[in-house]
Student: 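Below is a structure I'd like to ask you about.
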Amino acid sequence: MNVKQFIKKHRDDWKQLEQLVVTMHKRKKDVAGSTIDQFYRLYQKAAQNLSYSQTYFPHEEVTFYLNGLVSKSHNILYKDQMSSIQQVRHFFTTTFIRLLWEQWKFVIAAFVLFTIGAVGSYIAVVQDPQNMYAILPPEIAYGVDPDSLGSDKGSWDSSVMSSSIMSNNIKVAILAFAGGVIFGLLTVYVLIYNGIIIGALAALFWTHGKSYEFWAYIVPHGMIELTAIFIAGGAGLLMGYKLFVPGHFSRGYQLKVNAKRSVQLLLGTVPLFVIAGIIEGFITPAPIPLEAKYFVAFVTVLGLIFYFIIGKRLFLREIGRLEQI
């Protein structure tokens, strides 16, 4: 049986289970016994389908779909209603990481697009610093002075800067995500454009012999910030790709399913932007040695790696429980 035949054979049962998940989530206490029996039967069948799909179609879209459907059904059937705090914890420790690992290729694609823009503008400005005025927005091109980097630390209002930076970066992430609705074209533009700005600035400071200082003011918050932007951009690329290549499902169905998945990925980046904004508002401008700023960047990278590895273990453990049912 190929994947198309597999989907065609079981799709009606999955749709029924989806409807029952919604019904039982809203009115679990009022559901009749016969409906619960039907739900349990469809849930068991979907769990068997998931096991089959993981064995024979591990990289197909249907496997990711079934994984989500079985997980939601399992939570309704076997778990008491979780408190808001438990739901938030479960989302960030399991759901978000699961979605991230399932869609990692799109996150890498977002990183590649950003890098293309950064490398291109870096080379252009290194070859001729005057290109900076054609590449960067006027307010940045005429407002940046490499020789005065860090000289106005005392004039920073850290709380205002932190709030402003968080708002701006979240707007960039939302724009990169929302661009997926128009086949990811806007997402591609946002990622490349932001790469162009970083690359041009890096080249400008390099030509002034200020690269070490420049990166000391970028990487403490930038490691987390860019990771969040790549995840949000990956969510937009995912949605755009599924509209371009809907596979065995309709474009309307792909938009419905992947828009929800992409929104969850976007929501998962919010704490990352909050942390990046705090670092950028309070630590980046602080009168501390540049080495200390690089140390903060190192700690943030370790924190991200630790979070992703532990999260992956948690969601793999959950999948293992589902397969044993």
Student: Calculate, to the nearest 0.5 Å, the distance between atoms OG1 and CG belonging to Thr115 and Leu191 respectively.
Tutor: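 Spacing of OG1 (Thr115) from CG (Leu191) equals 10.0 Å.
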Student: Would a single hydrophobic cluster contain both Phe214 and Val126, if residues Ile, Leu, Val, Met, Phe, Trp and Tyr are joined by side-chain heavy-atom contacts under 4.5 Å?
Tutor: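 Result: no, two separate clusters.
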Student: Check the pair Phe308, Thr227 against side chain to side chain contact (heavy atoms under 4.5 Å, CB included), reporting the backbone distance first and the verdict last.
Tutor: CA-CA 12 Å; Phe308 292 141; Thr227 297; 4.2 Å; yes
Student: Can you get from Trp215 to Leu302 by hopping between Ile, Leu, Val, Met, Phe, Trp and Tyr side chains that sit under 4.5 Å apart?
Tutor: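 No: no chain of side-chain contacts under 4.5 Å links Trp215 to Leu302.
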Student: Heavy-atom distance under 4.5 Å between the side chains of Phe114 and Ile192, does that happen here?
Tutor: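 Of all side-chain heavy-atom pairs linking Ile192 with Phe114, none is under 4.5 Å.
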Student: Do any N or O atoms from the side chain of Gln5 and from the backbone of Asn2 form a donor-acceptor pair under 3.5 angstrom?
Tutor: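 Present.
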Student: Check Phe91 against Gln264 and note the closest heavy-atom contact, atom names and distance.
Tutor: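 Reported closest heavy-atom pair: CZ-O, 3.2 Å.
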Student: Less than 4.5 Å apart, any side-chain heavy atom of Trp206 and any of Tyr122?
Tutor: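 With C-beta onward as the side chain, the pair touches.
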Student: Under a 4.5 Å cut-off applied to non-hydrogen side-chain atoms, are Ile309 and Ile305 in contact?
Tutor: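 Yes, close enough: below the 4.5 Å cut-off.
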Student: Using a distance-only test with no angle check, is there a side-chain donor-acceptor pair under 3.5 angstrom linking Gln38 and Tyr43?
Tutor: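 No pair is found: no donor N or O on one side chain lies under 3.5 Å from an acceptor on the other.
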Student: Grouping I, L, V, M, F, W and Y whenever their side-chain heavy atoms are under 4.5 Å apart, do Ile275 and Val299 come out in a common cluster?
Tutor: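 No, separate clusters.
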Student: If I compare all heavy atoms of Tyr307 with all of Phe96, which pair ends up nearest, and what's the gap?
Tutor: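 So the two residues come closest at OH-CD2, 3.3 Å.
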Student: Measure the shortest side-chain to side-chain distance between Ile288 and Lys293 over non-hydrogen atoms and say whether it is less than 4.5 angstrom.
Tutor: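 Side chain of Ile288 against side chain of Lys293, heavy atoms only: contact under 4.5 Å found.
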Student: Taking the inter-plane angle between the rings of Phe230 and Phe111 on a 0 to 90° scale, is it parallel (under 30°), tilted (30 to 60°) or perpendicular (over 60°)?
Tutor: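 Ring orientation of Phe230 relative to Phe111: perpendicular.
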Student: How long is the gap from CG on Leu267 to OG1 on Thr269, to the nearest 0.5 Å?
Tutor: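 Here the rounded value is 7.5 Å.
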Student: Give the C-alpha distance, both sets of side-chain angles, the deciding distance and a yes or no for side chain to side chain contact (heavy atoms under 4.5 Å, CB included) between Ile123 and Val119.
Tutor: CA-CA 6 Å; Ile123 293 174; Val119 171; 3.8 Å; yes
Student: If you look at every heavy atom in Ala276 and His221, which pair is closest and at what distance?
Tutor: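 So the minimum-distance heavy-atom pair works out to O-CB, 3.4 Å.
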Student: Once you round to the nearest 0.5 Å, how far does CD of Glu225 lie from CG of Leu272?
Tutor: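 The CG atom of Leu272 is 10.5 Å from CD of Glu225, to the nearest 0.5 Å.
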Student: Indicate yes or no for a side-chain donor-acceptor contact from Ser51 to the backbone of Gln48 under 3.5 Å, with no hydrogens or angles considered.
Tutor: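 No, because the side chain of Ser51 does not come within donor-acceptor range (under 3.5 Å) of the backbone of Gln48.
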Student: Do the side chains of Leu113 and Leu237 get nearer than 4.5 Å, heavy atoms only?
Tutor: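 Side-chain contact under 4.5 Å: yes.
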Student: With the 4.5 Å side-chain cut-off for hydrophobic clustering, are Val107 and Leu175 part of the same group?
Tutor: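 Yes; Leu175 is reachable from Val107 via cluster members.
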Student: Can you check whether Trp14 reaches Lys45 side chain to side chain, under 4.5 Å on heavy atoms?
Tutor: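 A side-chain contact under 4.5 Å is absent here.
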Student: So which heavy atom on Val296 is nearest to which on Pro220, and how close?
Tutor: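 Smallest heavy-atom distance, with atoms named: CG1-CB, 4.1 Å.
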Student: Looking only at heavy atoms, which two atoms of Ala110 and Gly234 are closest? And how far apart?
Tutor: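 Ala110 and Gly234 have their closest heavy atoms at CB-N, 3.8 Å.
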Student: With rounding to the nearest 0.5 Å, note down the distance linking CG in Leu201 to OH in Tyr217.
Tutor: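 Reported value, rounded in 0.5 Å steps: 15.0 Å.
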Student: Please tell me if the side chains of Pro137 and Tyr193 come closer than 4.5 Å, counting only heavy atoms from C-beta onward.
Tutor: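 Answer yes - side chains close enough.
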Student: Got a donor-acceptor contact below 3.5 angstrom from the Asn131 side chain to the Ala124 backbone?
Tutor: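 Judged by distance alone, yes, a pair lies under 3.5 Å.
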Student: Give, for atom CD1 of Ile218 and atom CG of Leu226, the distance between the pair rounded to the nearest 0.5 Å.
Tutor: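 So the CD1 of Ile218 and the CG of Leu226 are separated by 8.5 Å.
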Student: Using the side chain to side chain contact (heavy atoms under 4.5 Å, CB included) rule, take Met239 and Phe177 through it: C-alpha gap first, then chi angles, then the decisive distance, then the call.
Tutor: CA-CA 8 Å; Met239 196 157 40; Phe177 154 75; 3.8 Å; yes
Student: Do the rings of Phe298 and Phe295 sit parallel, tilted or perpendicular, given the 30° and 60° boundaries?
Tutor: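 Aromatic pair Phe298/Phe295 classed tilted.
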Student: Search all heavy atoms of Ala216 against all heavy atoms of Leu290 and return the closest pair with its distance.
Tutor: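 Taking every non-hydrogen atom into account, CB-CD2, 3.8 Å.
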Student: Are any of the side-chain heavy atoms of Tyr65 and Glu18 separated by less than 4.5 Å?
Tutor: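 They are in side-chain contact.
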Student: Apply the side-chain contact (heavy atoms from CB on, under 4.5 Å) test between Leu50 and each candidate in Asn67, Thr55, Val62; give the one that qualifies.
Tutor: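 The residue from Asn67, Thr55, Val62 that satisfies side-chain contact (heavy atoms from CB on, under 4.5 Å) with Leu50 turns out to be Asn67.
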Student: Answer yes or no: is there a donor N or O on one side and an acceptor on the other, between the side chain of Thr187 and the main chain of Ala176, under 3.5 Å?
Tutor: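 Yes.
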Student: Could you label the plane-to-plane angle of the Tyr56 and Tyr52 rings as parallel, tilted or perpendicular, counting under 30° as parallel and over 60° as perpendicular?
Tutor: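 The arrangement is tilted - the two ring planes meet at 30° to 60°.
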Student: Donor-acceptor pair, distance only, cut-off 3.5 Å: does the side chain of Ser121 make one with the backbone of Gly117?
Tutor: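 Confirmed, Ser121 side chain pairs with Gly117 backbone.
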Student: Treating Ile, Leu, Val, Met, Phe, Trp and Tyr as nodes and any side-chain heavy-atom pair under 4.5 angstrom as an edge, say whether Val125 and Tyr133 lie in one connected cluster.
Tutor: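 Yes; tracing contacts between hydrophobic side chains, which count when under 4.5 Å, links both residues.
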Student: Roughly how far, to the nearest 0.5 Å, is the NZ atom of Lys210 from the CD atom of Glu213?
Tutor: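 Between atom CD of Glu213 and atom NZ of Lys210 there are 5.0 Å.
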Student: Given ring-ring contact (aromatic ring centres under 6.0 Å, His included), test Tyr212 with Tyr294 step by step and report yes or no.
Tutor: CA-CA 10 Å; Tyr212 186 77; Tyr294 279 108; 5.0 Å; yes
